[in-house]
Colleague: 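Before I ask anything, let me first share the structure, which is written out below as structure tokens.
Residue indices begin at 1 and follow the sequence shown. These numbers come from the heavy atoms of this one structure, side chains and all, not from hydrogens, waters or symmetry mates.
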Amino acid sequence: MENINLKDNKLTTVDDAAYYIPNFITEDQESYIMEKVNSAPKPKWCQLKNRRVQNWGGMPHIKGLIPETIPDWLKGFMDQVDGLHVFPSTNKPNHVLINEYLSGQGIMPHLDGSLFFPTISTITCGSHTVLNFYMPLKDEAVVSNEKVYSVLLERRSLLVLQGKMYTEYMHGIEEISNDIIDDNISNITYCGSNYQKGISLTRNKRISLTIRNVPKVFKLNLNSIIKK
């Protein structure tokens with residue numbers, strides 16, 4: 001897509017700040033992403049309790065990121081996001097977390113934490129999902145069940161979270177197979193399709209690319225360590 005102004009896509013229905021761009025990538029790009037993700041070497045996959053993930057750019061750690069070379073196909077989508085000036089020039093995206101969610105899988109409400117620069121951008125492929133936001137709690141060990149916002153993430157869309165939406169509100173995905181479209185969807189008027197209220201959307205396998213920046217990076221490169 002060309003000539004996208006991020007500010008024109010800011011959600012006014014949630015706290016500061018979230019941006020939603022429907023059809024950020026094309027159908028061909030979506031198919032290309034899913035093909036590349038599905039053909040990744042088995043060692044790149046990490047099986048978690050509720051989903052599978054791939055880390056590209058290195059493995060984030062509290063002490064910093066030991067970087068690795070990101071493949072060109074993935075770098076192209078990072079550049080596409082960076083072209084919106086989502087990240088400052090001093091904190092260019094350098095890490096991608098790829099999540100695979102099957103129908104009925106989700107993730108508990110959580111904060112991504114201070115390890116990352118306080119901006120997160122996510123491209124959704126293969127299936128929609130609904131990302132819920134929960135009241136912030138003083139005790140992060142306690143999971144809030146007070147849902148504040150719900151954002152529909154359509155196929156091929158881009159979501160950008162900054163400010164309080166990143167640092168304060170927990171976000172999570174319920175472990176369900178269908179989502180009801182109603183007034184609780186905060187971005188319904190921003191979506192790329194018109195949805196009739198009350199309809200049920202069935203989830204399929206979803207691949208998400210979470211593109212972000214890890215500020216602290218070691219000078220060592222993981223690729224050079226492996227070669228040695």
Colleague: Tell me, please, which residues at least two apart from T13 pass side-chain contact (heavy atoms from CB on, under 4.5 Å).
Modeller: L11, S186, Y190
Colleague: In chain order, what residues pass the ring pair (Phe, Tyr, Trp, His ring centres under 6.0 Å) check against Y169, with sequence neighbours excluded?
Modeller: Y149
Colleague: Report all side-chain donor-acceptor pairs from residues 106-116 shorter than 3.5 Å, counting only partners two or more places apart or in another chain.
Modeller:
| residue | atom | partner | partner atom | Å |
| --- | --- | --- | --- | --- |
| H110 | ND1 | M108 | O | 2.9 |
| H110 | ND1 | H171 | O | 3.1 |
| H110 | NE2 | D112 | OD1 | 3.2 |
| H110 | NE2 | H171 | NE2 | 3.2 |
| D112 | OD1 | H171 | NE2 | 3.4 |

Colleague: Mind checking what makes side-chain contact (heavy atoms from CB on, under 4.5 Å) contact with S200, not counting sequence neighbours?
Modeller: N178, I180
Colleague: Of all residues at least two apart in sequence or in a different chain, which pass the ring pair (Phe, Tyr, Trp, His ring centres under 6.0 Å) check with H85?
Modeller: none
Colleague: Which other residues end up in the same hydrophobic cluster as V53, if Ile, Leu, Val, Met, Phe, Trp and Tyr are linked when side-chain heavy atoms come under 4.5 Å apart?
Modeller: L48, L97
Colleague: Just so I know, are the side chains of F24 and Q29 near enough to count as touching, which here means a heavy-atom distance under 4.5 Å?
Modeller: no
Colleague: If the condition is side chain to side chain donor-acceptor pair (under 3.5 Å), which residues does S127 pass it with, not counting sequence neighbours?
Modeller: none
Colleague: Can you list, by chain and residue number, the hydrophobic cluster partners of V130 when the side-chain cut-off is 4.5 Å?
Modeller: L152, I181, I185, I188, Y195, I199, L201
Colleague: Throw together a table of side-chain donor-acceptor distances under 3.5 angstrom for residues 54-61, partners on residues two or more places apart or in other chains.
Modeller:
| residue | atom | partner | partner atom | Å |
| --- | --- | --- | --- | --- |
| Q54 | OE1 | W56 | NE1 | 2.8 |
| Q54 | NE2 | V37 | O | 3.2 |
| N55 | OD1 | H95 | NE2 | 2.9 |
| H61 | ND1 | K63 | N | 2.9 |

Colleague: Which ILVMFWY residues are connected to I62, directly or by a chain of links, through side-chain heavy atoms under 4.5 Å apart?
Modeller: none
Colleague: Taking ring pair (Phe, Tyr, Trp, His ring centres under 6.0 Å) as the definition, give me every residue that meets it alongside H128, ordered by chain and number, with sequence neighbours left out.
Modeller: none
Colleague: Taking only residues two or more places apart in sequence, or in another chain, which ones meet N99 in a side chain to side chain donor-acceptor pair (under 3.5 Å)?
Modeller: R51
